[in-house]
Undergrad: 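Let me give you the structure first, and then I'll get to my questions.
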Amino acid sequence: MESPEPSRIGDRSTSDVVVRLRTHEGRDDWFYCHSLILIEKSKYFADRLSEDWPTCQILDSRNCVEVYCEESDFDHHVNFLRLLYVVIDGSLEDIWHGVKNALGILRVAVELECAQIVGACANYLEAMPWEEAEEDEILKIIPGMGSKAQPILARVQPVNPTAVLRIFLSAIKFATSSPPSAMNDLKTSAQEQLEYMLTEDDDAPLLTADQEVKFEVKECVKRLFTRFSNMLEALLCGPVESAYEKGKMQSFQSYLSDLSWAFQILNKLEIMKEFVNSWVGASDKIVLVVEQASSVAEIIETKLKVIEVAAKVLEAIGYGNVILPTAKRLHMVKVWLPFVRITKPLIDSATTNSKDAPELKIDGELWQSLESTFVSMVLTLPSEDQAEILTEWLGTENIHYPDFTEAFEVWCYRSKVAKRRLADMLGNHGMANSIL
C-alpha cells in the first residue's frame, strides 16, 4: 500500500483552512493550508483553530485564520508558512537565505509560537557570521524573544574578567615584542585594541588596571626600552656609514613608534615615571644618533618620531605628572631645546617642499604643545638657570621658536621683586618669632 502524498501549501484540493495574510496598507493574500500541519507546528494556529476560538467559514467550508502583519514583514510570514511544510532536520542549510531573512523568520516564529522553527533558526543564526548592521539588528530583537533564542547572543555576552586579563597580557607582550616587519600590521592592531580596552568612553574600560596589570605592562615596556637602548649602542659603536642604512633606520623608527604608543599606555595607567627616567638617561645618545645622520627624507622622518616621543616625556615633566630633581629637568631642557630648534625648520621645509617631500604625519598641535612645555619647564628652574637659557634665546636667530616671551616676562617680574619678597618673608618670619 502506497503512503499518502505529503500535504503541500497552496493545494486547494486537500486544504481545509485558509490563512489570510493581511497588512494595514490593504494587502490581502490567501494561503490554502492544512489544519493538521498548522496545529502540530504552531501553538498560535492550534489556539486559533480550537473550539475555544470563533472562526469564520469561507468558501468550500474552509476555516479562515486572519493574520495581520507589517508590510516589511509580509515576505517573512509567507516564508514561515512555507517552512511549516518542510522537514527541518539540519540537512537543508540554504532554507534560510541569509542572516537578515532568518532573523525576520525568527521574529514570526516567536510571534506565532512555532518552537521547531525558532530552534532551527536560532541554531542557524548562532553559527553564522554577522555583518555589523545585522549584529545591531540582532541585539535589538533577540533579547525579547525568550530563552530559546538566547544562544544566539553567546558571542556578544560579557567575558569573564580572567579571560580578559589573559588576552590583555598576551597582547601586551606581543605589542611590545618588536616582531619582524612582516607582522607590523598585526602589532599595530594589537596596540590599537589594547588602548581601546583601557579607554573609558561611552563604556567603562574593559580591564581594571590593578597592580598585576600595571606590573606586567611596566615589565613589557622595560624590555622594549632595553632593546631600544641596545640598538642605540650598536648605532653609536658601528661605522657611521652603516649606522644609517635604510633597514637600520626603519628598525629605529619602529622602536620609536612602539615607544610612543607605550608611553600612551603608561600614561593611561599613571605609571610613566620609569619610562621618563629611562628616556632622560638615553636622551644624549638619542640626539647624537640622529644628529650624525644626513638630512635625507628618511632621517627627517626619524627626527620627527624622536621629537614626538620627546614631546610626550617633556610634557609629563613640565606639568608635574612625573617629578624629577632640578638637575634632570635642566638637563632635559639643555638637550632637547637645541635639538628642537634645529630640527623644526628642517621638518617645516620638508613638509612644504612639493617635489620630494616625505609623507610626514604631524600632529597639528605638536609645536605649540612643545613650546608651552618648554616655557613651563624653564619657569620651574632656578632663576640663574632661567637667565642663562633666556640670554641664549635672545641672542640667537631662533628667537621665534620656541617663543619664550612669557618666560622672559615672568623672570623679569620675579627678579625685580625678589629682594622685596625676601625682605617681606624675613620680616614676617621675625615678627612671628617675637610673638612666640
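Note that these values count all heavy atoms, side chains included, but never hydrogens, waters or copies made by symmetry.
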Undergrad: Rounded to the nearest 0.5 Å, how far does CZ of Phe215 lie from CG of Leu269?
TA: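 It comes to 14.0 Å.
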Undergrad: Is any side-chain heavy atom of Arg329 closer than 4.5 Å to a side-chain heavy atom of Thr326?
TA: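 Touching, per the 4.5 Å side-chain cut-off.
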Undergrad: Do Asn277 and Leu324 touch side chain to side chain, with heavy atoms closer than 4.5 Å?
TA: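 A side-chain contact exists here, since the closest heavy-atom pair is under 4.5 Å.
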Undergrad: For a side chain to side chain contact (heavy atoms under 4.5 Å, CB included) check, start with the C-alpha distance between Phe80 and Val67, then their side-chain angles and the critical distance, and finish with the verdict.
TA: CA-CA 12 Å; Phe80 169 79; Val67 178; over 6 Å; no
Undergrad: How would you list, by chain and number, every residue that makes a side-chain hydrogen bond (donor to acceptor under 3.5 Å, both in side chains) with Tyr85, sequence neighbours excluded?
TA: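 Applying side-chain hydrogen bond (donor to acceptor under 3.5 Å, both in side chains) to Tyr85 gives His34.
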Undergrad: In Å, rounded to the nearest 0.5 Å, how long is the span from CD1 of Ile9 to CZ of Arg82?
TA: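 So the CD1 of Ile9 and the CZ of Arg82 are separated by 6.5 Å.
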Undergrad: Would you tell me whether Arg414 and Ser383 have side-chain atoms, one donor and one acceptor, within less than 3.5 Å of each other?
TA: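 Ser383 and Arg414 do not have a side-chain donor-acceptor pair below 3.5 Å.
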Undergrad: Could you tell me which non-hydrogen atom of Met231 sits nearest to which non-hydrogen atom of Ser251, and how far apart they are?
TA: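 In this case the closest contact between Met231 and Ser251 is CE-CB, 3.5 Å.
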Undergrad: Do Ile299 and Val290 have side-chain heavy atoms sitting under 4.5 Å apart?
TA: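 A side-chain contact under 4.5 Å is absent here.
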Undergrad: Treating Ser260 as the side-chain partner and Leu256 as the backbone partner, does any N or O pair qualify as donor plus acceptor under 3.5 Å?
TA: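 It does not hold such a pair.
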Undergrad: Would Glu315 and Lys312 pass as an ion pair if we require N to O under 4.0 Å?
TA: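 No, Glu315 and Lys312 are not salt-bridged.
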Undergrad: Ignoring hydrogens, what is the shortest heavy-atom contact between Glu134 and Lys100? Give both atom names and the distance.
TA: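 Heavy-atom minimum between the residues: OE2-N, 4.1 Å.
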Undergrad: For the backbone of Asp28 and the side chain of Trp30, can you confirm whether one donor and one acceptor N or O come within less than 3.5 Å of each other?
TA: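 Pair absent, no side-chain N/O of Trp30 close to backbone of Asp28.
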Undergrad: Would you indicate whether the side-chain heavy atoms of Val164 and Met197 approach each other to under 4.5 Å?
TA: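 Met197 reaches Val164 side chain to side chain.
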Undergrad: Could you give the distance from CD1 (Ile138) to CZ (Arg155), rounded to the nearest 0.5 Å?
TA: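 Taking CD1 in Ile138 and CZ in Arg155, the distance rounds to 7.0 Å.
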Undergrad: With a 4.5 Å heavy-atom cut-off, do Trp411 and Val378 have their side chains touching?
TA: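 A side-chain contact under 4.5 Å is absent here.
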Undergrad: Under the 3.5 angstrom rule, does the side chain of Trp130 hit a backbone N or O of Leu125 as a donor-acceptor pair?
TA: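 A pair under 3.5 Å: yes.
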Undergrad: Atom CG of Leu266 and atom NZ of Lys268: how far apart are they, to the nearest 0.5 Å?
TA: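 It comes to 11.5 Å.
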Undergrad: Please find the pair of heavy atoms, one from Pro338 and one from Val333, that lie closest to each other, and give the distance.
TA: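 Here Pro338 and Val333 meet closest at CD-O, 3.7 Å.
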Undergrad: For Ile286 and Phe228, run side chain to side chain contact (heavy atoms under 4.5 Å, CB included): C-alpha distance rounded to whole Å, both residues' side-chain angles, the deciding distance at 0.1 Å, then the answer.
TA: CA-CA 10 Å; Ile286 296 168; Phe228 174 68; 3.8 Å; yes
Undergrad: Would you compute the distance between atom CZ of Arg166 and atom CG of Asn160 and round it to the nearest 0.5 angstrom?
TA: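 Between Arg166 CZ and Asn160 CG, I get 7.5 Å after rounding to 0.5 Å.
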Undergrad: Kindly say whether Glu66 contributes a backbone atom to a donor-acceptor pair with the side chain of Arg48 at under 3.5 angstrom?
TA: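 Pair found, side chain donor or acceptor close to backbone of Glu66.
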Undergrad: Would you say that more than 12 heavy atoms from the other residues, nucleotides or ligands in this model lie under 6.0 Å from the OH of Tyr319, or not?
TA: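 More than 12 heavy atoms, drawn from other residues, nucleotides or ligands, come within 6.0 Å of this atom.
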Undergrad: Looking only at non-hydrogen atoms, find the nearest pair between Thr302 and Met249 and report the distance.
TA: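 Distance-wise, the nearest heavy atoms are OG1-SD, 4.0 Å.
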Undergrad: Testing the 3.5 Å rule here: is there a donor-acceptor pair between the side chains of Glu270 and Asn321?
TA: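 Absent: no donor and acceptor within the cut-off.
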Undergrad: For Phe339, run the side-chain contact (heavy atoms from CB on, under 4.5 Å) check against Lys344, Lys303, Lys334 and tell me which one passes.
TA: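 Single pass found, and it is Lys303.
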Undergrad: Return the orientation label for the Phe31 and Phe74 ring planes: parallel under 30°, perpendicular over 60°, tilted otherwise.
TA: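 Geometry flag for Phe74 against Phe31: tilted rings.
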Undergrad: Any heavy-atom pair between the side chains of Thr199 and Pro205 that's under 4.5 Å?
TA: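 Not touching, per the 4.5 Å side-chain cut-off.
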Undergrad: Under 3.5 Å, is there a donor-acceptor pair between the side chain of Trp261 and the main chain of Gln191?
TA: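 Pair found, side chain donor or acceptor close to backbone of Gln191.
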Undergrad: Do any N or O atoms from the side chain of Arg223 and from the backbone of Ser177 form a donor-acceptor pair under 3.5 angstrom?
TA: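 It does not hold such a pair.
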Undergrad: Judged by atom type as modelled, is there a donor-acceptor pair below 3.5 Å linking the side chain of Thr391 to the main-chain atoms of Ala387?
TA: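 Flag set: sc Thr391 to bb Ala387 pair under 3.5 Å.
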Undergrad: Determine whether a donor-acceptor pair (N or O, by modelled atom type, separation under 3.5 Å) exists between the side chain of Ser376 and the backbone of Gly318.
TA: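 Side chain of Ser376 to backbone of Gly318: a pair is present.
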Undergrad: Once rounded to the nearest 0.5 Å, what's the spacing between atom OG of Ser369 and atom CZ of Phe374?
TA: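 Taking OG in Ser369 and CZ in Phe374, the distance rounds to 10.5 Å.
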Undergrad: Just so I know, are the side chains of Val306 and Val289 near enough to count as touching, which here means a heavy-atom distance under 4.5 Å?
TA: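 No, every pair of side-chain atoms sits at 4.5 Å or beyond.
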Undergrad: Determine, step by step, whether Phe404 and Leu337 satisfy the side chain to side chain contact (heavy atoms under 4.5 Å, CB included) criterion, reporting the C-alpha distance in whole Å, the side-chain angles of both residues, the deciding distance to 0.1 Å, and the verdict.
TA: CA-CA 12 Å; Phe404 278 151; Leu337 182 56; 3.8 Å; yes
Undergrad: Among Leu38, Ile105, Leu84, find the residue that satisfies the side-chain contact (heavy atoms from CB on, under 4.5 Å) test when tested with Cys114.
TA: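 Going through the options one by one, the only one that passes is Leu84.
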Undergrad: Determine, step by step, whether Asp201 and Tyr196 satisfy the side chain to side chain contact (heavy atoms under 4.5 Å, CB included) criterion, reporting the C-alpha distance in whole Å, the side-chain angles of both residues, the deciding distance to 0.1 Å, and the verdict.
TA: CA-CA 9 Å; Asp201 40 36; Tyr196 177 69; 3.8 Å; yes
Undergrad: Taking the six-membered ring for Trp and the full ring for Phe, Tyr or His, determine whether the centres of Tyr255 and Phe252 are under 6.0 Å apart.
TA: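 Between Tyr255 and Phe252, the centre distance exceeds or equals 6.0 Å.
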Undergrad: Hey, is Lys43 close enough to Asp47 for a salt bridge, meaning N to O under 4.0 Å?
TA: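 So Lys43 pairs with Asp47 through a salt bridge.
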Undergrad: For the residue pair Val65 and Phe45, what are the closest heavy atoms and their distance?
TA: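 Answer, listing the atom of Val65 first, then Phe45: CG1-CE2, 3.9 Å.
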Undergrad: Show your working on side-chain hydrogen bond (donor to acceptor under 3.5 Å, both in side chains) between Asp403 and Thr405 and close with a plain yes or no.
TA: CA-CA 6 Å; Asp403 184 354; Thr405 301; 2.4 Å; yes
Undergrad: Would you mind checking if Glu70 and Arg107 are paired as a salt bridge, meaning a charged N to carboxylate O distance below 4.0 Å?
TA: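 A salt bridge is absent here (no side-chain N lies under 4.0 Å from a carboxylate O).
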Undergrad: Does atom CD1 (Ile167) have a neighbourhood of more than 12 heavy atoms from anything else shown, all under 6.0 Å?
TA: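 No - once you tally the heavy atoms of other residues, nucleotides and ligands closer than 6.0 Å, there are 12 at most.
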Undergrad: Crowded around Glu406 CD? As in, over 12 foreign heavy atoms under 6.0 Å?
TA: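 Open: at most 12 neighbouring heavy atoms sit under 6.0 Å from CD of Glu406.
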Undergrad: Does the Trp393 side chain pair with the main chain of Pro402, one donor and one acceptor, at a distance under 3.5 Å?
TA: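 Checked: pair present.
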Undergrad: For Asp385, what residues pass the side-chain hydrogen bond (donor to acceptor under 3.5 Å, both in side chains) criterion, not counting sequence neighbours?
TA: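 Once residues adjacent in sequence are excluded, Asp385 has no partner under the side-chain hydrogen bond (donor to acceptor under 3.5 Å, both in side chains) criterion.
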Undergrad: So does Lys214 have more than 12 non-hydrogen atoms from other groups sitting under 6.0 Å from NZ?
TA: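 Buried by this count: over 12 neighbours within 6.0 Å.
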Undergrad: What are the two closest non-hydrogen atoms of Val213 and Thr208, and how far apart are they?
TA: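 Smallest heavy-atom distance, with atoms named: CG2-O, 3.8 Å.
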Undergrad: Are there over 12 heavy-atom neighbours, none belonging to Gln157, within less than 6.0 Å of that residue's CD?
TA: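 Atom CD in Gln157 is packed in, count exceeds 12.
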Undergrad: Is a side-chain donor or acceptor of Ser42 paired with a backbone partner of Leu112 at a separation under 3.5 angstrom?
TA: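 Side chain of Ser42 to backbone of Leu112: a pair is present.
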Undergrad: Return yes when atom CD of Glu71 has more than 12 non-hydrogen atoms of other residues, nucleotides or ligands closer than 6.0 Å, and no otherwise.
TA: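 Yes.
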Undergrad: For the residue pair Trp279 and Phe275, does the interplanar ring angle fall in the parallel (under 30°), tilted (30 to 60°) or perpendicular (over 60°) class?
TA: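 The rings of Trp279 and Phe275 lie parallel, inter-plane angle below 30°.
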